[in-house]
Amino acid sequence: MTPRPPGAHLPEHPDRLWSAAEPKAAYDVVIVGGGGHGLATAYYLAKNHGITNVAVVERGWLAGGNMARNTTIIRSNYLWDESAGIYEHALKLWEGLEEELGYPLLFSQRGVLNLAHSLQDVRDSVRRVEANRLNGVDAEWLDAAQVKEVCPIVNVSPDVRYPVLGATFQPRAGIAKHDHVAWGYARAAAALGVEFIENCEVTGLRVSGGRVTGVDTTRGAIAAGRVALCAAGHTSVVAATAGIDLPLQSHPLQALVSELLEPVHPTVVMSNAVHVYVSQAHKGELVMGAGIDAANSYRQRGAFHIIERQMAAALELFPVFARAHVLRTWGGVVDVSPDASPIIGLTPVDGLYINCGWGTGGFKATPGVGWCFAHTVAHDDPHPLAAPFSLDRFVTGALVDEHGAAAVAH
Amino acid sequence: MRRENGGRIDRSRTLRFRFDGQEYTGHPGDTLASALLAGGVRQIATSVKLGRPRGVFSAGSEEPNAVVQIEEPFPEPMLPATTVELYDGLVARSLAGQGRLATEPDPARYDAVHAHCDVLVVGAGPAGLAAARAAAGAGARVILADEQPEPGGALLGSPDEVDGVPGAEWAAATAAHLEGLPDVRVLRRTTVFGYYDDNYLVAVERRTNHLGAAAPAHVARERVWRIRARQVVLATGAHERPIAFAGNDLPGVMLAGAARTYVHRYGVLPGRRAVVFTANDSAYAAALDLAEAGVEVAAIVDVRTAPGERWAARARERGIELLAGHVVTAARGDGQLSSVLVGATGDGGRSIDADLLLVSGGWNPVVHLFSQSGGTLRYDEALGTLVPGASRQAVQPAGAAGGVFTLPGCLADGAAAGARAAGPHAGPHAAEAPRAAEPEATNAPAYWLVPANDYSAHFVDLQRDVTVADIHRATGAGLRSVEHVKRYTTAGTAHDQGKTSGLLTSAVVAHALGTSVAELGTTTFRAPYLPVSFAALAGRDRGALHDPVRVTALHEWHVAHGALFENVGQWKRPWYYPRPGEDMETAVLRECRAARESVAAMDASTLGKIDVIGPDAGEFLDRLYTNLMSSLKVGSVRYGVMCRPDGMVLDDGTVIRLADDHFLVTTTTGNAAMVLDWMEEWLQTEWPSLRVHCTSVTEQWATVALVGPRSREVLAGLAPGLAVSAADFPFMTWREADVAGIPARVCRISFSGELAFEINVTSWDGLRLWTAIMDTGLVTPYGTETMHVLRAEKGYPIVGQDTDGTVTPHDLGMSWVVSKKKPDFIGKRSFTRADTSRADRKQLVGLLPEDPGFLLPEGTHLVSTATLPEPPVPMLGHVTSSYRSAALGRTFALALVKGGQGRVGERLYAPVAGTLVPVTVTSHVLYDPEGARRDG
Amino acid sequence: MLLIPCPWCGPREEAEFHYGGQAHVAYPENPAALSDEEWARYLFFRDNPKGVFAERWSHSAGCRRWFNALRDTATNEIHAVYRVGEPRPVTS
């Protein structure tokens with residue numbers, strides 16, 4: 001009989017999380033969307049700004065959207081200064097978050113490798129590493145042999161279709177357990193007085209005289225002094241009820257896990273050219289994702305050929321995965337912006353704030369978004385780190401284009 | 001232990017295998033689980049969290065317990081022993097939660113196939129076989145897929161008869177009949193695991209697994225079937241569900257139907273003395289069959305106070321004690337079951353010795369694929385389970401999958417579903433349903449949970465070690481959604497994805513919250529239905545087939561002459577041609593000198609080439625390019641830049657006018673397909689009135705760039721009929737001529753600043769042309785690296801290297817290429833936006849490191865101060881290209897720098913490896929700024 | 001993998017197609033006459049409905065024709081396809 005492997009199960013959740021609330025008639029702030037961003041925003045509204053008469057309104061179950069569906073990669077090694085600012089702020093918060101929330105988040109700074117497969121990938125990678133360093137973000141450029149040292153199962157043979165020429169490495173990057181993060185925020189926010197209203201879909205925003213007055217929901221109208229949208233893939237639908245158009249397109253993004261496996265993969269590997277990203281989660285399952293489905297859709301389900309391509313990419317990079325099994329696939333709906341950067345800030349409607357456009361990469365930003373968006377809502381003024389991500393940039397052209405030289409947008 | 005006879009195993013052959021280091025034997029037709037049970041092995045796994053012993057719980061793919069690691073012939077993690085067909089030489093071991101991947105490469109092949117059919121029938125049990133027969137009889141093209149090695153489904157595990165013959169025989173005959181039909185395909189060992197939009201289903205066929213080391217290497221081990229079906233019949237059967245009671249995880253506790261299957265199908269007695277714990281009639285058949293086979297059945301414990309009368313009578317006839325209105329309050333034993341505690345209430349009671357406890361809490365239709373198809377599920381109070389509701393696609397359940405649990409019912413339901421699915425094909429000869437004896441049906445209320453004071457050993461999810469107590473802890477923490485409870489406890493997330501535990505979890509949560517399963521719902525059924533290997537899904541799209549490899553007509557020559565290659569898009573391009581003893585730097589400096597001082601040649605065939613033809617071709621190109629193309633004269637060539645509507649550079653290249661209505665556009669190597677798409681999109685969706693056609697001709701032409709002061713001399717020698725003088729053949733014109741006896745189009749263009757000719761011939765003649773050029777003995781071959789150096793010395797940008805989607809033509813110092821005359825072109829409007837018209841945008845400049853031997857790494861950033869402040873450090877821009885220049889006798893770089901065009905002469909600093917390297921900003925044109933060399 | 005009925009070729013696998021986003025967004029008649037706000041709307045803003053969406057597809061691995069489709073983004077059901085230049089069909 002084999003001994004029981006360590007780590008094949010997770011630490012227990014606390015005995016008490018939160019209580020489901022019935023909607024009250026009015027709140028100071030209603031947050032639309034009980035995902036990671038909504039929960040973190042609620043927490044920091046209460047914690048940093050003393051605003052506790054807050055309801056988080058969620059159409060399904062708390063943190064059941066993209067928060068429950070992402071591949072939990074955390075990193076801050078983005079190219080542009082604006083991105084580095086907010087993602088690095090988030091990473092610094094991650095580094096103290098278990099203590100802050102008093103919750104085991106399984107935050108594991110195991111590093112992230114972004115592989116380079118062409119000479120242009122190498123140039124872009126070095127550019128990003130150098131920018132990261134000057135922005136105070138830890139980053140290293142590794143050659144193929146060093147990649148192999150960090151992650152011995154990566155196939156660095158020159159005889160593959162797109163050989164690994166090197167990688168950027170952010171040692172402080174890593175993963176966390178998404179449910180634990182959401183529940184940690186929810187529990188801490190609940191303790192400060194925030195209420196969670198589940199199975200309550202916002203069907204409309206109430207606007208009067210250019211100012212938001214509340215939300216209509218499937219459980220009745222709720223008045224609100226301020227409304228903060230954290231509705232991810234459904235942001236367009238909600239915002240449209242207040243006549244606000246946003247430059248967003250909603251797409252399915254799929255992910256999958258394998259069965260539990262003995263530890264083989266010590267870090268996180270992402271590749272753009274051989275498109276896949278992989279980590280091995282705490283219990284031992286391989287967690288993987290790739291690109292979005294091309295066509296707009298609100299179905300939390302993608303097409304299967306995307307998964308097949310992802311598996312081909314995975315085996316190019318990791319031949320040892322051949323006989324691992326796909327246990328479960330799923331999809332979320334992500335809201336993609338034109339420059340692959342988020343939109344955070346004020347709207348043409350007074351008291352209505354948006355936080356959207358995170359596309360495939362919202363999880364890693366959770367604490368940073370919560371912090372900055374709460375500030376934006378509390379002060380009716382964008383947090384300095386959020387200011388570059390205003391809606392106005394699409395008019396001026398001052399995009400934060402993370403398509404080109406950034407790594408896989410995730 | 002093995003029965004003396006019976007079962008669908010081939011007793012004439014013995015297979016040897018090892019499990020946990022012990023040698024065992026079995027027979028063809030066995031699974032690893034049946035052979036281990038025959039060998040008396042009770043414990044097959046250790047639970048992941050609590051380390052408890054676990055045995056075989058089921059006889060199929062729903063197995064939550066007996067998950068094993070295959071070690072030989074090749075390691076494969078986590079397979080249910082109930083699904084591993086036994087083969088000679090199998091080596092497996094028990095698992096404790098985590099499987100092991102092989103460290104060596106998997107030698108097996110995998111592939112995929114597309115298939116189309118009128119009717120796909122999933123499952124070849126009684127309902128599926130009846131459905132396939134009916135659909136095929138009506139003339140439909142049918143695919144029948146079943147995960148087992150032989151058809152029959154539940155019939156293989158029972159003595160029931162169909163059409164007067166034993167069910168397994170009927171199944172074999174029916175399958176043989178179907179296989180004889182021209183438009184029917186019967187897929188064995190094939191699990192349909194995903195159901196997607198528009199009746200697209202995905203299956204995996206295990207073709208050689210069951211052969212072990214004897215598997216032929218040339219046959220794909222697993223094959224993915226991508227099936228598009230007009231109609232789907234889901235005859236996926238039902239899974240028996242467990243009951244939660246104390247100790248229900250002990251080896252020896254088994255689903256009742258599974259025990260019956262071991263007896264009939266595998267000729268195995270899973271124990272000697274059994275107790276049966278049931279809430280319905282079906283377990284009586286199991287009890288009677290086991291008793292008939294020689295198992296001592298000590299008692300039937302039926303939660304109902306009034307069990308079905310005929311079944312009760314038959315049990316009593318057989319001498320089996322019937323304890324109606326009783327429950328099993330605990331299963332006991334040390335490492336395996338030794339006794340069962342039975343009582344009228346939830347606690348205590350009478351102890352009965354037993355090494356086998358059969359459990360049946362009822363049956364759950366296998367609704368996974370139906371749910372995946374978008375169909376709704378309905379909780380059926382009478383059946384105590386989820387059954388298919390409204391469907392969204394052309395699909396119907398049949399038999400047990402639809403909640404029909406009698407054999408004649410399944411046969412009739414299947415036949416009807418098959419006929420309906422055949423639809424318009426159904427003729428008057430639609431098959432009659434096969435017949436079987438009608439059993440009596442009695443009420444079987446849902447029963448989930450034996451009440452107790454202590455729920456810490458009432459297991460709900462055996463593989464994840466989740467108990468009723470764990471679920472109560474989750475609901476006690478405030479959780480109200482079954483999805484939350486799943487995540488809190490991890491119930492349903494294991495290898496079996498909750499096949500036996502999912503509904504039970506919902507029921508226990510509903511019970512705890514005082515609500516109903518119907519109200520609460522269940523978690524989502526997600527693909528794949530069964531775990532599928534990564535390798536099967538990757539199929540053949542690996543290695544060289546992962547992405548097509550494109551090579552030019554000259555590729556063989558490059559290989560033969562020692563070129564190293566660079567991947568550019570899908571193309572393999574010669575990077576440089578090192579001579580013996582040369583490193584890259586030496587080789588590239590030599591190649592550069594040849595181009596600047598003598599003559600050199602490059603294979604430029606990979607540049608995209610698009611024929612743009614039609615009366616409106618000039619107008620069309622005027623709209624796409626920033627500069628004017630319609631004014632180009634036939635016989636001339638012009639460089640052009642295309643932008644996106646947001647004003648950022650999209651691509652660049654030359655445009656040749658071949659005739660009034662015929663242009664040839666070249667693109668960068670990597671963007672060829674994108675530019676063609678771009679042109680067609682604008683033409684078709686915005687300007688359909690323009691009479692223009694675009695055709696890719698990239699692969700039709702081989703292109704050689706002949707570069708250097710002596711290029712004219714070489715060309716003149718090869719093309720005696722061509723007037724090559726600067727006057728006769730001016731810059732930016734083209735001529736047709738025979739070059740080396742090959743009809744060619746020769747362009748006088750230059751991407752190096754030197755006198756240069758681009759010679760185009762058909763791909764067929766490419767190698768002949770190249771060889772003729774090399775045979776002059778004057779010409780040095782050069783690769784992409786030298787090309788990059790030469791163009792950088794002249795300040796020519798490479799789209800994608802010196803641009804990144806945030807750069808305008810103005811930023812590149814190419815305002816001259818932006819027409820001021822044209823009222824509009826794609827991108828023009830964006831140039832006046834606030835951010836795009838800023839004076840301090842990043843602009844392309846040259847950089848000269850103050851140390852002329854220092855090579856700036858590409859990607860290095862630039863700062864204005866001689867010391868670095870604390871982060872975040874304000875950055876002025878970055879190095880896009882950096883080389884050693886033979887012509888300049890020093891290093892140089894191109895960079896995008898904020899307000900760079902106004903900084904010429906300024907000193908900036910480049911942080912490199914902890915030091916700040918001083919550099920001077922210069923014009924981006926570093927070599928021959930007067931353009932004196934292009935005419936030679 | 002959708003089965004997309006190309007109006008020129010008939011039903012074909014989704015993998016043969018290239019997606020083109022919202023249909024009926026015409027290139028402005030006179031971009032120079034637009035304000036920055038109006039131009040930004042053309043550049044970046046596209047409808048994103050949950051429900052029936054008029055969208056563009058190109059049968060890029062087939063006939064290479066662009067066409068339009070009415071697809072429900074909540075269900076992926078394609079209600080109609082029509083050629084470029086044809087009006088958006090009325091669907092119930």
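The figures here come from the full heavy-atom set of this structure, side chains too, leaving out hydrogens, waters and symmetry mates. So you know, we letter chains A, B, ... as the sequences are listed, proteins then strands, and number each from 1.
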- Query: For residues B/Thr806 and A/Asp401, is any side-chain donor paired with an opposing acceptor at under 3.5 Å?
  - Reply: no
- Query: Do B/Arg487 and B/Thr490 have side-chain atoms, one donor and one acceptor, less than 3.5 Å apart?
  - Reply: no
Shorter than 4.5 Å, heavy atoms on both sides: which option in [options] has the most such pairs with chain B?
options	answer
A/Val264, A/Val160, A/Leu119	A/Leu119
A/Thr396, A/Val126, A/Asn135	A/Thr396
A/Gln120, A/Arg133, A/Gln310	A/Gln120
A/Ala131, A/Ser19, A/Ala20	A/Ala131
A/Arg328, A/Met311, A/Arg323	A/Arg323
A/Trp141, A/Phe321, A/Phe304, A/Trp330	A/Phe304

Please report the interatomic distance [atom1]([X]) to [atom2]([Y]), rounded to the nearest 0.5 Å.
X	Y	atom1	atom2	result
A/Tyr78	A/Ser83	OH	OG	7.5 Å
A/Leu256	A/Thr329	CG	OG1	7.0 Å
B/Thr493	A/Glu285	OG1	CD	8.0 Å

Using a cut-off of under 4.5 Å on heavy-atom pairs, state which of [options] scores highest against chain A.
options	result
B/Gly805, B/Ser481, B/Gly543	B/Gly543
B/Arg838, B/His495, B/Glu483	B/Glu483
B/Asp547, B/Val912, B/Thr784, B/Leu79	B/Asp547
B/Glu76, B/His878, B/Glu104, B/Arg833	B/His878
B/Pro105, B/Ser882, B/Gly670, B/Gly800	B/Gly800
B/Gln570, B/Lys572, B/Met648	B/Gln570

What part of [X] is in contact with chain B, defined as an atom under 4.5 angstrom from a non-hydrogen atom: side chain, backbone, both or neither?
X	value
A/Asp81	side chain
A/Phe394	backbone
A/Ala273	neither
A/Pro14	backbone
A/Val395	backbone
A/Leu62	both
A/Ala84	neither
A/Arg393	neither

Pick one of side chain, backbone, both or neither for [X], based on which atoms fall under 4.5 Å of a heavy atom in chain A.
X	value
B/Thr103	backbone
B/Val568	neither
B/Pro75	backbone
B/Ile798	neither
B/Arg540	neither
B/Gln801	both
B/Ala112	neither
B/His788	side chain
B/Val202	side chain
B/Gln372	both

- Applying the side-chain contact (heavy atoms from CB on, under 4.5 Å) test to B/Ser47, which of B/Arg464, B/Arg52, B/Gln463 qualifies? B/Arg52
- Mind checking what makes side-chain contact (heavy atoms from CB on, under 4.5 Å) contact with B/Ala474, not counting sequence neighbours? B/Leu479, B/Val485, B/Tyr488, B/Thr489
- Message: Can you confirm whether more than 12 heavy atoms, excluding those of A/Arg16, are under 6.0 Å from its CZ atom?
- Response: yes
- Item | Lys/Arg-Asp/Glu bridge criterion (N-O < 4.0 Å) met for B/Arg473, A/Glu12 | yes
- Query: When you check the gap from the basic side-chain N to the acidic O, do B/Lys486 and A/Asp179 get nearer than 4.0 Å?
  - Reply: no
- Message: Can you tell me how the ring of A/Trp183 sits relative to the ring of B/His484, calling it parallel under 30°, perpendicular over 60° and tilted otherwise?
- Response: perpendicular
- Message: In terms of relative ring orientation, are A/His13 and A/His180 parallel, tilted or perpendicular, with 30° and 60° separating the classes?
- Response: tilted
Is the backbone of [Y] close enough, under 3.5 Å, to the side chain of [X] for a donor and an acceptor to pair up by distance?
X	Y	result
B/His546	A/Arg161	no
B/Asp198	B/Tyr200	no
B/Asn567	A/Ser118	no

- Message: Walk me through whether A/Arg301 and A/Asp293 qualify under salt bridge (charged side-chain N to carboxylate O under 4.0 Å, His left out).
- Response: CA-CA 9 Å; A/Arg301 184 130 187 263; A/Asp293 279 40; over 6 Å; no
Tabulate below the donor-acceptor pairs under 3.5 Å that side-chain atoms of residues 523-536 of chain B make, not counting sequence neighbours, or state none.
from: B/Tyr529; atom 1: OH; to: B/His239; atom 2: NE2; distance (Å): 3.2
from: B/Ser533; atom 1: OG; to: B/Glu222; atom 2: OE1; distance (Å): 2.6
from: B/Ser533; atom 1: OG; to: B/Ala536; atom 2: N; distance (Å): 3.1

